[in-house]
Amino acid sequence: MTTPSILLRNAAVGDTTPDAALVHRRGQAIHIQDGLIAWHGTEAEIPAGLACDDEIDLGGRLVTPGLIDCHTHLVYGGKRVADFVERLGGTRYDEIAGGGGGIASTVAATRAADESTLFTMAGMRLERMAGHGATTVEIKSGYGLDPLSEKKILRVARRLGGLGLADVRTTFLGAHAMPAGYEGTKADYLAEMSDEVLPGLVAEGLVDAVDAFCESIAFNPEELEGYFGAARALGLPIKAHLDQLSETRGAALLAKMGATSADHLEYSGTGSIEALARAGTVAVLLPGAYYFLRESRSPNVSALRTARVPIAIATDHNPGTSPMESLPLAMNMACILFGLTPAEALRGTTANAARALGLSDRGSIANGLRADLAVWEVDSPAELSYNIGFSPLHSTFLKGTVRREDSRRADAHDGA
Ligand code: DI6
Ligand code: FE
């Protein structure tokens with residue numbers, strides 16, 4: 001099936017260079033063919049006789065690469081408002097987790113939910129994310145922690161990709177936590193997940209990458225070595241939640257495994273950061289979880305810069321530590337809380353987020369890449385990191401197909 005070829009006229013292009021400088025060019029045109037960016041340049045350079053089915057005048061609006069949310073836990077049952085209230089009363093996140101709340105309570109609610117309920121709930125979340133400019137969303141499992149429930153989550157995630165809201169990439173997170181009541185050791189559980197459950201899910205086409213929670217309250221690097229080895233043997237990109245609450249020394253393992261991304265990194269020291277740099281691993285920073293947990297230790301951004309580790313930003317949408325759906329809000333938080341520049345924040349949700357997912361077909365405005373674009377009612381690329389609490393999105397293009405956001409934008413303003 002081919003999509004109509006479109007010429008976008010009178011656009012301002014907002015993008016970043018590899019060293020994270022902002023690009024802002026007015027008077028631009030973009031030609032989309034077969035879902036890809038076929039050509040882009042100035043209005044004056046439009047090739048004579050260019051044939052296209054449709055021309056859209058963007059009225060000078062800013063066009064950026066479609067935003068990429070490279071770390072979410074979008075599919076789950078229930079909410080965690082009770083945990084939130086408890087934490088406001090002074091109980092720590094790890095205390096709640098130890099007491100049977102936390103991830104375990106979401107696992108119970110997710111197991112109890114049927115597939116159509118999970119699909120409906122996550123579909124609404126995905127639609128709101130798309131309304132904030134996301135054109136690719138990664139979705140992890142990890143709230144099932146048994147074979148059938150993990151499969152249920154990944155099936156829902158795959159089906160969400162069919163809604164035409166955003167491209168969905170799935171990640172198996174069987175190593176999120178030990179399931180309550182599991183009769184066996186952590187080693188037994190991880191071996192079951194990586195050697196029995198994962199290959200079946202891969203055979204059904206449900207898994208694009210593999211993740212684990214490498215943390216004092218979850219799994220340590222030694223325990224995860226076999227799990228990641230199995231993922232690598234299946235040819236899957238490896239990711240990990242790393243050093244969110246304590247330094248784990250997991251970076252060395254991730255580097256050895258050639259991990260695609262290491263996510264959180266609040267407690268990572270310079271040795272860990274240098275190991276990630278040598279392996280070409282992307283650092284995914286998640287300011288929503290840092291904010292929501294009222295953490296005081298922030299990732300060492302200056303060491304990441306010095307070591308030239310690519311930095312990505314994501315929402316980490318999940319019910320326990322980051323019930324946030326907006327990538328532009330994550331960009332704002334990354335600037336305010338972690339000291340990123342707006343250029344780093346935009347690169348972090350476009351080119352570097354694509355790299356964090358092992359994708360080379362998207363993330364910037366370049367010929368031959370997917371025509372995943374976001375059109376914004378803003379004056380400059382830096383303004384994407386400036387706004388709080390509403391979406392200045394005008395429309396998106398998903399593989400060359402336009403989605404308009406005008407009505408949703410009006411709703412957001414009415415409700416503000
Ligand atoms: N780190 C997180 O921030 C989420 N998972 C993880 O490994 C939180 C999961 C939760 O509390 O439900
Ligand atoms: Fe997470």
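Just so you know, residue 1 is the first one in the sequence shown, and it goes up from there. Read the numbers this way: they start at 1 and go in the same order the structure lists the ligands and their atoms. Since the structure is predicted, the reported quantities are computational estimates derived from the model, not experimental observations. As a basis for the values below, the full set of heavy atoms in this structure was taken, side chains included, without hydrogen atoms, waters or symmetry mates.
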Do the side chain of [X] and the main chain of [Y] share a donor and acceptor less than 3.5 angstrom apart?
| X | Y | answer |
| --- | --- | --- |
| Thr315 | Glu325 | no |
| Thr260 | Gly358 | no |
| Thr120 | Ser116 | yes |

### Residue part near ligand 1, for Arg80, under 4.0 Å between non-hydrogen atoms
side chain

### Message
Heavy-atom distances under 4.0 Å decide this one: backbone, side chain, both or neither, for Thr106 against ligand 1?
### Response
neither

Which residue and non-hydrogen atom of the protein lie closest to [atom], and at what distance in Å?
| atom | value |
| --- | --- |
| atom 1 (N) of ligand 1 | Gln244 OE1, 3.1 Å |
| atom 12 (O) of ligand 1 | Tyr143 OH, 2.6 Å |
| atom 11 (O) of ligand 1 | Tyr93 OH, 2.5 Å |
| atom 5 (N) of ligand 1 | His176 NE2, 2.9 Å |

### Task
Provide the number and element of each atom of ligand 1 under 4.0 Å from a heavy atom of Asp316.
2 (C), 3 (O)

### Task
Would you mind listing which atoms of ligand 1 come within a distance below 4.0 Å of any non-hydrogen atom of Thr321?
2 (C), 3 (O), 4 (C), 8 (C), 11 (O)

### Query
Is a salt bridge present between Asp146 and Arg111, judged by a nitrogen-to-oxygen distance below 4.0 Å?
yes

Gap separating the [atom1] atom of [X] from the [atom2] atom of [Y], nearest 0.5 angstrom:
| X | Y | atom1 | atom2 | value |
| --- | --- | --- | --- | --- |
| Thr248 | Phe213 | OG1 | CZ | 10.0 Å |
| Asp263 | Asp211 | CG | CG | 6.0 Å |
| Thr72 | Met324 | OG1 | CE | 11.5 Å |

### Query
Checking side chain to side chain donor-acceptor pair (under 3.5 Å) against Thr171, which of Lys239, Glu138, His73, Lys140 comes through?
Glu138

### Task
Just give me the atom name: the N, O or S atom of Asp316 closest to the Fe ion (ligand 2).
OD1

### Message
Please determine whether any non-hydrogen atom of Ile103 lies less than 4.0 Å from an atom of ligand 1.
### Response
yes

### Task
If you have a sec, read the angle at the Fe ion (ligand 2) from His241 atom NE2 over to His71 atom NE2, to 10 degrees.
80°

